[in-house]
Amino acid sequence: MRPAGNLDERTIAGLLSLIGDQLSPALDLLIVDLTNLTTLGPDGVRALLRMARELGDANVGLALVAPDSVVESALDEAGVRSLFEFHATIDDALDVP
């Protein structure tokens, strides 16, 4: 998945719906590429937390591709950065054992 622009209250529902559509017994990892995200507000942080919780409940791992500081800074400010696995590229995320 590659959301772009702003992840806020207006875009959360669509993102969570797409994620729900991706869940299947065969899925063990969902990689979300946040490279093109320009803003991550408090609603976006809550959406990422909800996504992580729903994926965890389905035994699906979550890897975030976020090479710039927008996402990491927002999660740092919210005190939840350590809950997420970050990678510089999609290939890096795929290489994790």
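- One finds the CG atom of D33 at 4.5 Å from the CD1 atom of I90 (value rounded to the nearest 0.5 Å).
- Rounding to the nearest 0.5 Å gives a distance of 11.0 Å between CG of L40 and CD of E72.
- Of all the heavy atoms in V45 and A78, the pair that sits closest is CG1-CB, 3.8 Å.
- To the nearest 0.5 Å, atoms CG (L55) and CG (D28) are separated by 11.5 Å.
- Annotation: side chain to side chain donor-acceptor pair (under 3.5 Å) contacts of S73 (sequence neighbours excluded): none.
- With sequence neighbours excluded, no residue forms a salt bridge (charged side-chain N to carboxylate O under 4.0 Å, His left out) with E77.
- With contacts defined as side-chain heavy-atom distances shorter than 4.5 Å, the pair F84/V71 does not qualify.
- Taken to the nearest 0.5 Å, the CG atom of L62 stands 7.5 Å off from the CG atom of L29.
- Between V65 and A88, the shortest heavy-atom contact is CG1-O, 3.7 Å.
- Under the salt bridge (charged side-chain N to carboxylate O under 4.0 Å, His left out) criterion, R53 pairs with no residue at all, not counting sequence neighbours.
- Looking only at side-chain heavy atoms (C-beta outward), H87 and I31 stay at 4.5 Å or farther from each other.
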